[in-house]
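Encoded as structure tokens, the structure appears first; notes follow it.
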Amino acid sequence: MGLEGAELNLRGKFWESEELIKKWDNEVPWVRIDELNDDLVGKEIQIKGWLFNKRSSGKIRFLIVRDGSGFIQAVMREGYTSPEAFQRYSELSLESAIIVRGEVRKDQRAPGGYELSVKDLILVFKTENYPIGKKEHGIDFLLDHRHLWLRHRKPFAVMRIRHTVVKAIREFFDSRGFLLFDAPILTPSACEGTTTLFKIDYFGDEMFLSQSGQLYAEAGALAYGKVYVFGPTFRAERSKTRRHLMEFWMVEPEIAYATLEDIVELSQELVEYIVQSVLDKNLRELEILQRDVKPLEKVKRPFPVIKYKEALRILDKLGVEYVPGDDFGTPQETAISNYFDKPVIITHYPKNVKAFYMKPDPEEPEYVLCMDMLAPEGYGEIIGGSQREEDYEKLLQRMLEENIPIEPYQWYLDLRKYGSVPHSGFGLGLERTIAWITKSDHVRVTIPFPRMLYRYKP
RNA sequence: UCCGGCGUAGCUCAGAGGUAGAGCAGGUGCCUGUUAAGCACCGGGUCGCAGGUUCGAAUCCUGCCGCCGGAGCCA
């Protein structure tokens, strides 16, 4: 205790006593910035936060205070503000922790609509040499300082929207009778054999970080009818683009007795619900990001749904080159998504470019009952899904064709031996969806601490 | 992994053979409505590292390191 106190004194950064903070707590309500409303106008409150910016015009001094829920301008005026607090303006450095106390005022000039007329303030912690400045910074510097960058306006807005998106996803599935089904993150086998997995030493055994919860979700669907897996996934692909992270979040619904048509419909409902939730709750955040909301307002069902072969005809029309029978690359995806002003769903890809568990189209067995949803504005694939092969023999045959080891997947094949039914599901990439909605230039800004090919600190 | 670009003040950048600059941040003042506020003044540098060319290299060449952008794969 004594030592601790001495240390704090040495640092000389904690300014005011805990007693004063307690006294204020007994005298005035503590209000979060995003809770300010007209009923509080004229009332005295306190805001506990940090100094984000300050400006002075001599006898009138402005503090931009952030408290984690928003930003507000606190105004200090000679004669109104206590002389001690008014004097203290000069020692308030950026990112110092402060508690400001005063009267809520409505003001047309304020970005949030409200201002605080400061009566008094407590300097809780005086920050020195805060590294992030007010001018532009390069992405390298900002990512190195991600732990501090999160405090600033754009990360604040994106994280708030991420929260809304996650909440909307849970509301969507919970209100439709889906059971939340947590798939394991440590898994003994791969899901899609081709992609690379992170290897883990599991007491001498080989294990992997999950790259998809889908196979487990299928077990869940046959147990509980409708489930969704929502969690982090890991891919050790050496990809280095604005659409890739090594660790990202995916929501994967899986539904027994559902066909491709059912999930094509469900995916549209989900994406519409997510976007409309953000438009309902985050107009302030979209404004901070200078995101044009018009394209988002258009995200209403029905979305265009086209088959792979029709997509090829659109590419012909646009003069975009492609290799028939191949999966689409970035140029093709971008061209098709720009052709429409809503998310577009492409179904029935050639069998050989898709995963082994996808069910071939009974009418054209060279194509599979699958769907991809491409986000507008060039954000690429946000959903991939399919109707699954439910026949034991056909699934086994496909696995043998693709040289997939049978033993680790015996449990998965088992699902086709006991009460197998048609079932379908899809995966929605959370970060790509957020990147599109926030019109971010890279998925790395849509997750608090991104994990990328050559960058994984802090 | 491949292709391309960039490393100069704490940060963002200018300088492209002749010996180091600006804005912001920091410091000191001024200003009663600023909103990346403004104005004046002050301090601040192994020009990524190593080697080479040259009378002379931040500048040209080679190698290495770091970062960024794009491709493939995918969500």
Side-chain angles (χ1 to χ4, degrees), chain A residues 52-65 71-81 86 90-91 93-95 105 107-112 115 117 127-145 148-149 152-154 191-196 211-214 232-252 267 326-331 333-334 353-355 371-375 379-385 426-436 441-444 446-447 452-455:
Chain A
F52 185 71
N53 196 3
K54 64 172 188 176
R55 288 181 281 273
S56 161
S57 185
K59 302 239 164 52
I60 183 164
R61 297 170 179 180
F62 305 97
L63 308 176
I64 312 300
V65 180
F71 297 81
I72 192 171
Q73 177 157 274
V75 185
M76 301 207 291
R77 236 179 264 271
E78 198 166 38
Y80 179 90
T81 306
F86 191 80
S90 62
E91 64 179 285
S93 50
L94 298 188
E95 278 306 312
R105 257 209 8 266
D107 197 312
Q108 289 292 326
R109 292 166 293 191
E115 282 189 348
S117 296
T127 293
E128 273 155 25
N129 303 320
Y130 182 68
I132 301 185
K134 293 197 267 185
K135 264 234 167 157
E136 280 175 38
H137 293 281
I139 192 65
D140 183 34
F141 178 84
L142 288 174
L143 286 169
D144 280 345
H145 295 83
L148 302 176
W149 185 27
H152 293 247
R153 285 195 142 98
K154 283 186 178 178
C191 167
E192 295 166 39
T194 51
T195 35
T196 331
Q211 62 170 344
S212 165
Q214 184 206 309
T233 48
F234 307 85
R235 304 226 174 142
E237 294 158 8
R238 290 192 161 300
S239 46
K240 194 177 164 297
T241 80
R242 62 180 65 191
R243 294 183 302 280
H244 287 87
L245 293 171
M246 302 301 108
E247 175 181 326
F248 67 99
W249 283 63
M250 214 170 22
V251 59
E252 301 177 277
S267 66
D326 267 17
D327 208 349
F328 295 137
T330 309
E333 273 188 7
T334 305
V353 301
K354 288 291 178 181
M371 59 159 291
D372 281 0
M373 187 189 290
L374 306 181
Y379 279 91
E381 188 184 340
I382 53 169
I383 285 179
F426 62 83
L428 174 136
L430 184 66
E431 285 76 16
R432 282 193 188 173
T433 303
I434 297 165
W436 159 50
D441 55 14
H442 199 299
V443 288
R444 66 189 166 206
T446 66
I447 189 166
M452 292 177 284
L453 185 51
Y454 298 120
R455 187 190 280 281

### Query
Looking for any heavy atom pair under 4.0 Å, which part of the strands does A:E115 touch: base, sugar-phosphate only, or nothing?
base
Pairs: protein N or O with nucleotides 64-68 of chain B N or O, under 3.5 Å:
from: B:C67; atom 1: O3'; to: A:R455; atom 2: NH2; distance (Å): 3.1
from: B:C68; atom 1: OP1; to: A:R455; atom 2: NE; distance (Å): 3.2
from: B:C68; atom 1: OP1; to: A:R455; atom 2: NH2; distance (Å): 3.2

### Query
When the ring planes of A:F141 and A:H145 are compared, do they come out parallel, tilted or perpendicular, using 30° and 60° as the limits?
tilted
### Summary
Taking B:U32, B:U34, B:U12 as options, the one with an atom nearest any side-chain atom of A:Q73 is B:U34
### Query
Counting only distance, no hydrogens or angles, is the base of B:C73 paired donor-acceptor with the side chain of A:T196 under 3.5 Å?
no
### Query
Where the side chain of A:F141 is defined as all heavy atoms beyond and including C-beta, which of B:U1, B:C74, B:U12 is the nearest nucleotide?
B:U12
### Query
Taking only residues two or more places apart in sequence or in another chain, which ones pass side-chain contact (heavy atoms from CB on, under 4.5 Å) with A:K240?
A:L453, A:Y454
Under 3.5 Å, which N/O atoms of the protein pair with N/O atoms of nucleotides 22-25 of chain B?
from: B:G23; atom 1: O2'; to: A:K135; atom 2: NZ; distance (Å): 2.9

### Query
Which part of the nucleic acid does A:L428 contact within heavy-atom distance under 4.0 Å: base, sugar-phosphate only, or nothing?
nothing
### Task
Have a look at A:T330 and say if it touches a base, only the backbone sugar-phosphate, or nothing, with a 4.0 Å heavy-atom cut-off.
sugar-phosphate
### Query
Which is true for A:S93 with a 4.0 Å heavy-atom rule: it touches a base, it touches only sugar-phosphate, or it touches nothing?
nothing
### Message
Base of B:C11, side chain of A:H137 - is there a donor-acceptor contact under 3.5 Å?
### Response
no
### Task
Fit a plane to each ring of A:H152 and A:Y130, take the angle between them on a 0 to 90° scale, and name the class: parallel (under 30°), tilted (30 to 60°) or perpendicular (over 60°).
parallel
### Message
So, using side-chain contact (heavy atoms from CB on, under 4.5 Å) as the criterion, who are the partners of A:P111 when residues are at least two apart?
### Response
none
### Query
Counting side-chain heavy atoms from CB outward, which of B:A36, B:U32, B:U34 is closest to A:N53?
B:A36
### Query
Does any N or O in the side chain of A:H442 come within less than 3.5 Å of the main-chain N or O of A:T241, such that one atom is a donor and the other an acceptor?
yes
### Residue A:S239, side-chain heavy atoms: nucleotide from B:C73, B:A75, B:G33 that is nearest
B:C73
#### Entry: Test ring pair (Phe, Tyr, Trp, His ring centres under 6.0 Å) applied to A:Y80 - qualifying residues, sequence neighbours left out
none
### Task
Determine, answering yes or no, if A:F62 is stacked on B:G33 under the 5.5 Å centre rule and the 30° plane rule.
no
### Query
Closest to the A:H442 side chain: B:G33, B:U1, B:G69?
B:G69
## Note on the structure
The nucleotide from B:U32, B:C74, B:U1 with an atom nearest the side chain of A:L453 is B:U1
### Task
Tell me which of A:V75 and A:G380 sits closer to the 5' end of RNA chain B, going by the nucleotide each one is nearest to.
A:V75
### Task
Would you kindly check whether a donor in the side chain of A:E128 faces an acceptor in the base of B:G26, or vice versa, at under 3.5 angstrom?
no
### Summary
Ranking B:C73, B:G72, B:G33 by distance to the side chain of A:D107, first place goes to B:G33
Set out, line by line, the N/O atom pairs under 3.5 Å between protein and nucleotides 43-46 of chain B.
none

### Task
For A:D327, answer base if it contacts any base atom (sugar-phosphate contacts may also be present), sugar-phosphate if it contacts only those atoms, and nothing otherwise; contact means non-hydrogen atoms under 4.0 Å.
sugar-phosphate
### Query
Just by distance, with hydrogens left out, do A:R61 and A:T81 show a side-chain donor and acceptor under 3.5 Å apart?
no
### Task
Scan A:N129 against the nucleic acid and name what it touches under 4.0 Å (heavy atoms): base, sugar-phosphate only, or nothing.
nothing
### Query
Which of the following nucleotides, B:G72, B:C73, B:G70, is nearest to the side chain of A:R242?
B:G70
